[in-house]
Amino acid sequence: MSQDKDLQVSNARRRFMQLGATAGGGLLFGFSLFGCQKENDRKEAPPEKAVGQASTAHSETQPGLARDAFIRIDRMGIVTLIVHKVEMGQGTFTAMPMLLAEELGADLSKVKLEQAPANNELYADPLLGGQVTGGSTSVRGAWKPLREAGAMVRSVLIAAASKQWNVGTDELQVVAGNVRHQASGRSAHFGELVDAASKMDLPKNVKLKDPEQFVLIGKNMRRLDSPAKVNGTAQFGIDARLPNMGIAAVAASPVMGGKLVGVDEQKAMAVKGVRQVLRLEGAVAVVADHFWAAKQGLLAAAPRWDDGANGKVNLKGIVADMMKVSQGGGAVAADKGNAIDALARDGGRKIEAVYEMPFLAHATMEPMNCTVDLRADGCDLWVGTQVPALAQGAAAKVAGLPVEKVAVHNHYIGGGFGRRLEVDYVIQAVAFAKLMKGPVKFIWTREEDIQHDMFRPYYVDRLAARLDDKGKPAAWFHRVTGSSIMSRFAPPAMKNGVDPDAVEGAADLQYTIPDMRVEYVRHEPPGVPTAFWRGVGPTHNVFVVESFIDELAHAAKQDPVAFRRGLLDKSPRTLAVLNLAAQKAGWGKPLAPIAGRKVGRGVSTQFAFGSYMAQVAEVSVGPDGDVRVHRVVCAVDCGQAVNPDTIVAQMEGGIVFGATAALWNEITLDRGRVQQTNFGDYRMMRINEAPKVEVHIVNSRDEPGGIGEPGTAGIAPALTNAVFAATGKRIRKLPIGEQLGRA
């Protein structure tokens, strides 16, 4: 099915695109998020339940009406989209209305959003198979379904006007929420047509716009969520307020698996405002009238812990174990030709390297929190989560309630980065709520949030390559060693012992190399829970691959950009962004000198989350190892740009996020305890340290790729390659500051 041709709607598809009237009058349109071609497959093989539980349908559902997603148009002409994604700063709540409004012909300012309730069956993402916001999939998954839905609704509104005015449908136009008949001067806004439209039959086919006809898509649009965030009316999970609500500070065992031995409850209760002390096997909470009292009460409680089996875990031991297991064979993730034999051949030059990447915390600006109102007949959660159905299912299990008795009131998210794909904090909150009556908000302090995060895995990567007599890589070997997130989060994704996320960006090289082999060794570190971190697999594999490619270029005595160009003959889109970034950065021209500092440029390319990208970083290094990032030039081909301004913002934010981690961040452990506590020892990049970021978007008509995570993945190797250009020191272990003697 092409977006430029008529959309043929099969009988099966029509059953999932249906019209009806809303309870108060108006038009209700139900449609499937899975698109025309996949609905039958979905019925035969529903999405895996690994990411949540099903629940009751949305309240607007009517018998016989499609129940995946909804568009409502009221008699005032206001269009409401029930959106299955969450907004955590990535611009979803602007891009999705743009997709709908483009084909519907609506006035974007009159498109409103309602957060979909928790329901895996009704609101599963077509790319992820569950009600999940992650993997840079929001626009990619909605690109066709939302446009198709808008086109269908537009067609029935035109048909209603055609019937009322007794004119041909080809004589009518839809502009800014109005159906117009130019010849007679007649015009009606959507609200005047919805009652008649709700009784119309759906057309057998509709035509989607050609890109040249777009009036919204591809244009810079102001974020629809910005006004509320600027004036303070936007509600995040931490903003939840309920009558007579208690507020709790929590502390879990500082060692994973540890148990609570005792607390000074009398001292905690003596703090003014403290209401109650709650105990679980591995955690304690102090409930008070306000958070300050709760925090002071928790300090007074001075919880005591039994560290348990993980009390002797330290980072040095974890890394030593990983180094050992990384020397053994792994599951095969990619195999082309015979890399093992090719590496052993005579001639050319063999290069080997070992790379390491640290555990990382998410350090979201809004720490973990969850408000719970648990009753005998039901449970309500007020929270910011990337997985509302999973949160619902987990809460129901802990509360001992049917899943349909748990309601999730999802909010704006003050930083997700993959952390809120987890529901550990929801499980803990509901378990505490069982010990008391009335609603209570549980808030983690910054220290609790960092020390009890679920961390980006530690990785050890072993690489080897052989350059032929012409300096080109003839063989490539890469073994990834790290924990498996997918085996826990979505077990069906594991195939033949390979975690697909752990090898993304490594198993699908864009470079042409005759013999290539990629392996994966799963190793779970004791006492350290691991989870998705903005970009996950690519954040480590792009760093490793692009750093090693730079090593090969240096060994071949070739310019890093020219060396890459010679390997990209089968990936024209990667070559295009590389050329664009190099040209805009002035690659090959000398950098301006900086007194007392060494300067250098570094480059990286990548294909991840459906998007192609190249970055060029300009850095300077002081005699004490201080690295400053002055400028980053980013070229991105993410297919059709929906809102270019959001793409630029995502690249800027992702680059700062990734650069911060590359320069300074790591999580270390001693005696089972995370040693970092707050922004004082888990650094954030400050405004005066932020580089100038230039983003250049390739004009493309291909279907959209993801933009939320790619910027994070590409910056680390661009920085380390720039450091090498400046100093001659190769960085094979992050963070950079530690390797240069400046943490």
Side-chain angles (χ1 to χ4, degrees), residues 22-24 49 51-63 65 67-68 70 82 84 86 114-124 130-132 235-250 275-289 294 368-413 420 422-444:
T22 63
K49 299 300 193 305
V51 291
Q53 301 287 333
S55 72
T56 55
H58 191 272
S59 58
E60 284 286 355
T61 301
Q62 297 179 4
L65 187 66
R67 301 186 305 168
D68 272 40
F70 302 94
I82 310 300
H84 65 301
V86 297
E114 287 184 12
Q115 186 77 64
N119 194 311
N120 238 8
E121 291 298 324
L122 306 189
Y123 301 107
Q131 191 177 7
V132 181
Q235 292 291 297
F236 295 80
I238 205 168
D239 296 321
R241 295 286 187 274
L242 299 174
N244 302 315
M245 177 182 72
I247 298 180
V250 302
R275 300 181 185 179
Q276 196 171 353
V277 177
L278 309 175
R279 307 185 195 197
L280 298 175
E281 182 181 58
V284 59
V286 174
V287 184
D289 296 333
M368 298 304 104
N369 63 88
C370 182
T371 299
V372 185
D373 184 11
L374 178 60
R375 308 168 305 281
D377 62 344
C379 179
D380 284 76
L381 306 176
W382 288 263
V383 68
T385 175
Q386 295 173 245
V387 282
L390 181 56
Q392 179 193 43
K397 184 176 181 180
V398 175
L401 291 168
V403 71
E404 63 269 14
K405 294 294 184 180
V406 177
V408 178
H409 308 276
N410 211 358
H411 290 262
Y412 284 129
I413 292 176
R420 286 180 163 92
E422 305 297 333
V423 295
D424 54 311
Y425 60 102
V426 174
I427 291 171
Q428 183 196 72
V430 177
F432 275 130
K434 292 175 68 176
L435 305 178
M436 62 176 295
K437 292 183 178 180
V440 60
K441 180 196 298 183
F442 298 91
I443 302 176
W444 292 17

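Worth saying up front: this structure is predicted, and the values here are computed from it rather than measured.
- Between L435 and L280 there is a side-chain heavy-atom pair separated by less than 4.5 Å.
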Ring pair (Phe, Tyr, Trp, His ring centres under 6.0 Å) evaluation trace for F432 with F442: CA-CA 9 Å; F432 275 130; F442 298 91; 5.6 Å; yes
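- Between P439 and P243, the shortest heavy-atom distance links the atoms CG-O, 3.7 Å.
- Distance check, rounded to the nearest 0.5 Å: CZ of F70 to CD of E114 gives 11.0 Å.
- Taking 4.5 Å as the limit, every side-chain heavy atom of I247 sits out of range of all side-chain heavy atoms of V287.
- A distance of 11.5 Å separates CG of L374 from NZ of K437, quoted to the nearest 0.5 Å.
- Across all their heavy atoms, A394 and V423 have their closest contact at CB-CG2, 3.9 Å.
- The residue from V406, V398, L401 that alone fulfils the side chain to side chain contact (heavy atoms under 4.5 Å, CB included) condition with V430 is V398.
- Between V372 and C379, the closest side-chain pair of non-hydrogen atoms falls below 4.5 Å.
- With a 4.5 Å cut-off on side-chain heavy atoms, V86 and T385 do not count as touching.
- The backbone N or O of V277 sits nowhere less than 3.5 Å from a side-chain atom of R279 that would complete a donor-acceptor pair.
- Put simply, OG1 on T371 and CG on L381 are 9.0 Å apart, with the number rounded to the nearest 0.5 Å.
- A distance of 7.0 Å separates CD in Q235 from NE2 in H411, rounded to the nearest 0.5 Å.
- When all heavy atoms are compared, the tightest approach of A249 to A294 is N-CB, 3.6 Å.
- Across A283 and Q428, no two heavy atoms sit closer than the pair CB-NE2, 3.9 Å.
- Residues R241 and D239 are not paired through a salt bridge, judged by the lack of any N-O separation under 4.0 Å between the basic side chain and the carboxylate.
- The existence of a salt bridge linking D377 and K405 is excluded, since no basic side-chain nitrogen approaches an acidic carboxylate oxygen closer than 4.0 Å.
- For the pair R420 (side chain) and I413 (backbone), a donor-acceptor distance under 3.5 Å is absent.
- Between the side chains of D380 and H409, at least one donor N or O lies within less than 3.5 Å of an accepting N or O.
- Proximity of V250 to I443: side-chain heavy atoms (C-beta onward) are nowhere separated by under 4.5 Å.
- Between Y123 and P117, some side-chain heavy-atom pair lies under the 4.5 Å cut-off.
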Verdict with supporting geometry, W382 and N369, side chain to side chain contact (heavy atoms under 4.5 Å, CB included): CA-CA 9 Å; W382 288 263; N369 63 88; over 6 Å; no
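- Here the CD atom belonging to Q392 is positioned 11.5 Å from the CG atom belonging to N410, to the nearest 0.5 angstrom.
- For the pair Q386/V132, no side-chain contact is recorded, criterion being any heavy-atom separation below 4.5 Å from C-beta on.
- With rounding to the nearest 0.5 Å, the separation of CG in N119 from NE2 in H84 is 12.5 Å.
- The minimum heavy-atom distance linking C370 with A429 is given by the pair CB-CB, 3.9 Å.
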